[in-house]
Amino acid sequence: MAGNTIGAVSDVFADLVGQDEPVATLRQAAAAAARVVTGEQVAAGAMTHAWIFTGPPGSGRSVAARAFAAALECERGGVGCGECHGCHTTLGRTHADVRFVVPEGLSIGVNEMRALVLRAASAPSGGRWQVVVIEDADRLTEQAGNALLKAIEEPPPRTVFLLCTPSTHPDDISVTIRSRCRVVALRQPPADAVAEVLVRRDHIAADVAAWAAAAAQGHVGRAKRLANDTEARGRRDAVLSVPRRLTGVGACFEAAGALIKAAEAEAAEQLVETDASERAALEQALGAGGTGRGAAGAMRGAAGQLKDLERRQKSRATRSKRDALDRALVDLAGFYRDVLVTNLRAPVGVVHTDIAAQSEAAAGKWSAESTLRRLEAVLACRQAIDENVKPEIAVEAMMLNLWRG
């Protein structure tokens, strides 16, 4: 991306990789928003109250929304300096007028959305904008979407809604909400742009960064994990060994079980500290460790709140498991894509450069049609899980289809 500074000042858009046109659009809108704050007249459409950020996984939907929110709160004319109080607190998710909605479970419910809309209707405390960032807006329930729609149709004068969703397809966001929002379409960043960020920002060796960027298929966060985390690399290696382990029906079920268990272990590893700290904080707030009849009575009456916490944590664990499984399926799809590219001698590079010999060997054994069927089996598994098919059933069916070809 051209330029990571504004004069001698940091840039909130610096980590939005390979998205020159969207960044230019957001800069212009933030500058117009700053003029609105000072009472100036701006051209119609220069700034709007509702935005949708779309793009494939890893394209930076939430990064773009957060950077735009920071630019809206920027105290230096909306440039998104990254150093003023408005930018700093927004990027740190502590700004009083910026709310981030990140679904812990599989969906965002109507009660949460109604409470959010009510809070967003108040005037901004800092005199600039109330900003609501809804990550994974495709997880809104129908009722929650209706509650949001009412707020978008009749927005308060200084409130901005930023929605992040994979696409504008009706399966991801309602047609009515889409019609009232301005869309910012992000693309999968090229591997060389991702590698450049890893080298510049995270001080990762150039050769490691290049490998990780290609293996992560343009996903900046995943590329960083692969470059730095040996366990993440081990999980990827296990996934990419699946094709050669499918030697029969029994092996298919074993591979499916291993993939599910690996996703569960990864999810549990990510959440164990968060779950424990949440429970400890709630118990402390409810009087755990206190003495006397009052404290004991308070803990007895707190059973409902603890049960609600456990329910939310279970829902979050389910989502985390599915996210981990989806990352594995993306890696597996990348392998079959590499086989197909090699088979057809397409003039593009392979994703998994470190196992190019394996994909080349597979291309010598499988026809292009058979490889395509295998790739489609992986993509069908992702879709089935997204439509709430039990992951174990979806993965077992996929493994059998991969074996049969």
Side-chain angles (χ1 to χ4, degrees), residues 1-6 8-20 22-23 55-64 66-67 80 82-83 91-92 186-244 262-263 265-267 269-270 273 323-324 326-339 341-342 346-362:
M1 186 176 68
N4 294 312
T5 60
I6 302 173
V9 186
S10 301
D11 180 0
V12 297
F13 295 105
D15 289 338
L16 198 56
V17 181
Q19 310 291 349
D20 292 353
V23 167
S59 59
R61 298 187 300 257
S62 60
V63 174
R66 186 168 65 250
E83 295 184 349
L91 295 178
L186 305 174
R187 65 188 182 103
Q188 179 176 306
D192 57 351
V194 175
E196 186 274 330
V197 168
L198 295 182
V199 172
R200 169 178 54 82
R201 184 191 66 189
D202 302 309
H203 309 294
I204 294 170
D207 58 338
V208 176
W211 164 79
Q217 302 181 56
H219 194 302
V220 181
R222 181 101 199 285
K224 182 179 178 181
R225 281 194 297 274
L226 287 174
N228 292 325
D229 187 345
T230 55
E231 291 186 1
R233 292 196 292 273
R235 287 191 290 266
R236 172 181 171 272
D237 291 342
V239 170
L240 295 179
S241 71
V242 164
R244 64 175 180 267
E266 182 181 349
E269 178 186 319
Q270 292 175 345
E273 291 186 8
D323 288 346
D326 191 66
R327 285 191 289 272
L329 294 175
V330 168
D331 282 339
L332 196 56
F335 170 77
Y336 290 108
R337 176 262 188 202
D338 288 349
V339 176
V341 163
T342 305
V348 293
V350 296
V351 168
H352 302 298
T353 55
D354 52 336
I355 60 165
Q358 183 179 331
S359 57
E360 187 171 347

query: Does the distance from a Lys or Arg side-chain N to an Asp or Glu carboxylate O, for R233 and D354, drop under 4.0 Å?
result: no
query: Looking only at heavy atoms, what is the nearest atom pair of A227 and V208, with distance?
result: CB-CG1, 3.9 Å
query: Closest approach of T353 and W211, non-hydrogen atoms and distance?
result: OG1-CD1, 3.6 Å
- prompt: Of all heavy-atom pairs between H219 and R222, which one has the smallest distance, and what is that distance?
  reply: ND1-N, 3.1 Å
query: If you measure from OG1 on T230 to CZ on R235, what distance do you get to the nearest 0.5 Å?
result: 9.0 Å
task: Identify the heavy atoms of L186 and P56 that sit nearest to each other, and give their distance.
output: O-CD, 3.7 Å
query: Do side-chain atoms of R201 reach the backbone of A14 as a donor and acceptor pair under 3.5 angstrom?
result: no
query: How many angstroms lie between atom CG of D338 and atom NE2 of H352, to the nearest 0.5 angstrom?
result: 5.5 Å
Heavy-atom donor-acceptor pair, D202 side chain to I204 backbone, under 3.5 Å: no
query: Between D15 and R66, is there a salt bridge with N-O shorter than 4.0 Å?
result: no
message: Working to the nearest 0.5 angstrom, can you tell me the gap between D326 CG and D331 CG?
response: 10.0 Å
- prompt: When rounded to the nearest 0.5 angstrom, what is the spacing between CZ in R236 and CZ in R327?
  reply: 14.5 Å
- request: Output all residues satisfying side chain to side chain donor-acceptor pair (under 3.5 Å) with R337, sequence neighbours left out; order by chain, then residue number.
  value: none
- request: Heavy atoms only: give me the nearest A212-A223 pair and the separation to one decimal.
  value: CB-O, 3.4 Å
query: Pick from V350, V239, L240: which one makes a side chain to side chain contact (heavy atoms under 4.5 Å, CB included) with F335?
result: L240
message: So which atom in L16 and which in S59 form the shortest heavy-atom distance, rounded to 0.1 Å?
response: CD1-O, 4.4 Å
message: Let me confirm one number: the NE2-CG distance from H203 to N228, rounded to the nearest 0.5 Å.
response: 11.5 Å
